[in-house]
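Letters go in sequence order (proteins before strands), and every chain restarts at 1.
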Number of protein chains: 2
Amino acid sequence: MSDPNERFGAIVKTLRENNHKLTPQRLAVAKVLAHSQGHPNVEKIYEQLMPSFPTMSLATVYRNVMLLKSLGEVLELGFPDGSNRYDGNKPFPHPHVICIHCTKIIDPDLVSLRDMTAEVADETGFKILTHRLDFFGICRDCLSTM
Amino acid sequence: MSDPNERFGAIVKTLRENNHKLTPQRLAVAKVLAHSQGHPNVEKIYEQLMPSFPTMSLATVYRNVMLLKSLGEVLELGFPDGSNRYDGNKPFPHPHVICIHCTKIIDPDLVSLRDMTAEVADETGFKILTHRLDFFGICRDCLSTM
DNA sequence: TTTGCTGCAAATAGTTTGCAGAGAC
DNA sequence: GTCTCTGCAAACTATTTGCAGCAAA
């Protein structure tokens, strides 16, 4: 996990460099994503901001998350059921471990993970831009209460 | 790629064993998925069946794809944009290489791919049930016409 | 004959968009 | 002062569901 304050600063810097206005709503979304506690979805970000921004619209959250994603400052995690969750703390490809029971998401340290991008590019002729590695299972907490 | 006829047979066997009726529509969906040419989405399966089953409903395709998925005979590939595509030819986790330009999907042979399931289970305490490894990029064809 | 399956149409849920006013710079 | 951003409500799209009739076994 990166330092959330540093990540927030980096996001703000990118926004400035690309001439986007720093509205309170936009900065608030950026701050939540810089922490990315639990890899929130749009709804969670919205709920988290409601107390401080009672009039904020869900559409505004969507627009800002999309903007940050297009700037490469947020990683989008889409799931087979169509749901999306976001990580603005580590906005680069990295493996995830997802509990299908409580929907918790963990970032594991995989010592044996080598980058297979070159091999894939070599074998398929593709220019590889990004990748994704997710493991699905049941977490320790859920296992113990079953 | 497995032999589509064998896969079709295996799917039919599973349907029988689970006491599901073998309607013409269901068998037609199973046949398309046994081939899984280009990893179709529901719409594509529907279009492919329209000539032979002009009155078939999209809902029927959805229902049968979901049934086969629940029986473990189809692998669902969900993407961040919310779209889903299916593979009934190799219904077990395997890596995919996806062209973000023409949406083509390829199954690469990765000689160096080791199974990291045990390591992830060990490090996180999860009971790992499945996983997913996707590479995104631009295919040779699209690269050459850019 | 029984029970599950299909087609249709309506409902649903998550996300996007048009517009007029507000606010960042 | 300009131009982007926001809130609202409506639109949109992919998917699911209720229901009555149909068909597999």
- B/R132 to B/F79, cation-pi by 6.0 Å centre distance and 45° axis angle: yes
- For B/L15 and C/dG4, give me the distance from atom CG to atom C1', rounded to whole Å. 13 Å
- Message: Applying a 4.0 Å non-hydrogen cut-off, can you work out what A/N19 is touching in the nucleic acid: base, sugar-phosphate, or nothing?
- Response: nothing
- Message: Is it the case that C/dG7 (base atoms only) and B/R63 (side chain only) share a donor and an acceptor within less than 3.5 Å, ignoring hydrogens and angles?
- Response: yes
- Is it true that the side chains of A/H101 and A/D141 contain a donor and an acceptor less than 3.5 Å apart? no
- Cationic N near anionic O, under 4.0 Å, A/E17 to A/K13: yes
- Do A/Q25 and A/T60 get their side chains close enough for a donor-acceptor pair, meaning under 3.5 Å? no
- Message: Without decimals, in angstroms, what is the distance between A/N41 CG and C/dG14 P?
- Response: 9 Å
- Query: Atom CG in B/L15, atom CG in B/N64: separation rounded to 0.5 Å?
  - Reply: 8.0 Å
- Message: Determine whether a donor-acceptor pair (N or O, by modelled atom type, separation under 3.5 Å) exists between the side chain of B/N18 and the backbone of B/H20.
- Response: no
- Task: Mind grabbing the angle between the end helix axes of the helix from C/dT1-D/dA25 to C/dC25-D/dG1? Five pairs an end, 10° rounding.
- Result: 40°
- Message: Quick check against the 3.5 Å criterion: does B/S36 have a side-chain atom that pairs as donor or acceptor with the backbone of B/G88?
- Response: yes
- Report the distance from atom OH of B/Y46 to atom C1' of C/dT6, rounded to the nearest whole Å. 13 Å
- Note on the structure: Nucleotide by nucleotide, nucleotides 20-25 of chain C touches protein heavy atoms under 4.0 Å in the pattern (B base, S sugar-phosphate only, - none) ---BBS
- Task: Heavy atoms of chain A, cut-off under 4.0 Å: which first and last nucleotide of DNA chain D, 5' to 3', fall inside that, if you could look?
- Result: D/dC3 to D/dC8
- Message: Between B/T23 (side chain only) and B/R26 (backbone N and O only), is there a donor and an acceptor less than 3.5 Å apart?
- Response: yes
- So how far is it from A/T103 OG1 to A/N41 CG, rounded to the nearest 0.5 Å? 8.5 Å
- C/dT15 P sits how many Å from A/F79 CZ, rounded? 12 Å
- Item | Carboxylate-amine/guanidinium proximity below 4.0 Å for A/E76 and A/R85 | no
- Query: So A/H131 and B/F135, would you call those rings parallel, tilted or perpendicular, with 30° and 60° as cut-offs?
  - Reply: tilted
- Starting at the 5' end of DNA chain D and moving along, which residue's nearest nucleotide shows up first, B/G82 or A/P54? A/P54
- Within the structure shown, what part of the strands sits under 4.0 Å from A/R26 by heavy-atom distance: base, sugar-phosphate, or nothing? sugar-phosphate
- Item | For atom CG of B/L67 and atom C1' of C/dT6, their distance in whole Å | 14 Å
